[in-house]
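Predicted, not measured: the structure shown is a model, and the values here were computed from it.
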Amino acid sequence: MLKGVVDGCIDWSVDLKRYRVLSGEPVKVKCALFYSYIRTNYTMATNAKLRLIWYKNKGDSEEPIIFSGHRLSKEDDSIWFRSAELEDNGFFTCVLR
């Protein structure tokens with residue numbers, strides 16, 4: 001059994017990157033799973049029929065992000081905030097399933 005594998009899932013640990021942006025500015029948040037040192041890339045993941053799902057931490061829980069396409073959208077391995085707002089502050093998690 002591989003280390004860090006539970007029920008067929010690989011735990012690639014946590015990687016935090018802080019983004020600072022002023023209200024009203026655009027910002028692109030890239031999924032840490034696809035940083036250059038991780039074992040996969042977005043094309044390989046989608047070719048393997050994996051889905052990238054984003055979550056935002058809400059206190060002690062995480063809620064899946066629903067992308068409306070207006071101010072917030074998912075583009076490949078990233079989230080685009082077209083116009084960041086104070087309510088966007090928080091921790092975001094990306095998961096391949």
Side-chain angles (χ1 to χ4, degrees):
M1 183 174 208
L2 294 172
K3 183 180 178 187
V5 176
V6 177
D7 295 330
C9 295
I10 300 171
D11 181 359
W12 283 339
S13 74
V14 174
D15 189 15
L16 297 176
K17 183 171 184 179
R18 183 173 292 204
Y19 295 83
R20 294 182 190 263
V21 63
L22 297 175
S23 182
E25 289 184 335
V27 65
K28 177 182 175 182
V29 177
K30 184 177 174 87
C31 177
L33 293 172
F34 303 111
Y35 291 162
S36 62
Y37 62 89
I38 299 294
R39 291 167 268 200
T40 191
N41 64 46
Y42 185 74
T43 302
M44 288 172 56
T46 55
N47 287 343
K49 306 292 187 227
L50 297 172
R51 288 185 331 144
L52 180 63
I53 302 169
W54 284 90
Y55 297 89
K56 182 175 182 186
N57 289 16
K58 301 275 187 173
D60 291 338
S61 65
E62 292 181 333
E63 292 182 9
I65 297 173
I66 309 237
F67 295 97
S68 63
H70 301 289
R71 195 181 63 78
L72 178 65
S73 63
K74 177 179 168 273
E75 295 181 14
D76 296 332
D77 62 353
S78 302
I79 299 176
W80 268 104
F81 294 86
R82 302 283 183 234
S83 177
E85 296 179 0
L86 186 57
E87 68 189 39
D88 297 325
N89 187 40
F91 291 98
F92 295 85
T93 304
C94 54
V95 175
L96 280 174
R97 294 192 187 272

Chemist: Which atom pair, heavy atoms only, marks the closest approach of Cys94 to Leu52?
Modeler: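 In terms of heavy atoms, the two residues are closest at CB-CD1, 3.8 Å.
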
Chemist: Taking all non-hydrogen atoms of both residues into account, name the closest pair between Thr43 and Asn41 and its distance.
Modeler: N-OD1, 3.1 Å

Chemist: What distance separates Arg97 CZ from Leu50 CG, expressed to the nearest 0.5 Å?
Modeler: 11.0 Å

Chemist: So if you build clusters from Ile, Leu, Val, Met, Phe, Trp, Tyr with side-chain heavy-atom gaps below 4.5 Å, do Ile53 and Trp80 land together?
Modeler: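 No, Ile53 does not connect to Trp80 through the hydrophobic network.
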
Chemist: If you group Ile, Leu, Val, Met, Phe, Trp and Tyr by side-chain heavy-atom gaps below 4.5 Å, do Trp54 and Val95 land in one group?
Modeler: no

Chemist: For Phe67 and Ser73, work out which heavy atoms get closest and say how close.
Modeler: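 Shortest heavy-atom separation between Phe67 and Ser73 comes out as CD2-C, 3.6 Å.
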
Chemist: Which heavy-atom pair separates Ile65 from Lys56 by the least distance, and what is that distance?
Modeler: CG1-N, 3.9 Å

Chemist: I need the Lys58 NZ to Phe91 CZ distance, nearest 0.5 Å.
Modeler: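 Going from NZ on Lys58 over to CZ on Phe91, the span is 14.0 Å.
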
Chemist: Which heavy-atom pair separates Val21 from Pro26 by the least distance, and what is that distance?
Modeler: CG2-O, 3.9 Å

Chemist: Just grab all the salt bridge (Lys or Arg N to Asp or Glu O under 4.0 Å) pairs involving residues 24-34, residues at least two apart or on different chains.
Modeler: Lys30-Asp77

Chemist: Looking only at non-hydrogen atoms, find the nearest pair between Ser83 and Asp88 and report the distance.
Modeler: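 Closest pair (atom of Ser83, atom of Asp88, distance): O-OD2, 4.2 Å.
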
Chemist: Following the transitive rule for hydrophobic clusters with a side-chain heavy-atom cut-off under 4.5 Å over Ile, Leu, Val, Met, Phe, Trp and Tyr, establish whether Leu96 and Val29 coincide in one cluster.
Modeler: yes

Chemist: Treating Lys17 as the side-chain partner and Cys31 as the backbone partner, does any N or O pair qualify as donor plus acceptor under 3.5 Å?
Modeler: no

Chemist: Do Val27 and Tyr55 belong together in a cluster built from hydrophobic side chains that touch within less than 4.5 Å?
Modeler: no

Chemist: Calculate, to the nearest 0.5 Å, the distance between atoms OG1 and CG belonging to Thr93 and Asn57 respectively.
Modeler: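 Answer for the OG1-CG pair, Thr93 versus Asn57, is 4.5 Å.
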
Chemist: Would you say the ring centroid of Phe81 lies under 6.0 angstrom from that of Phe92?
Modeler: yes

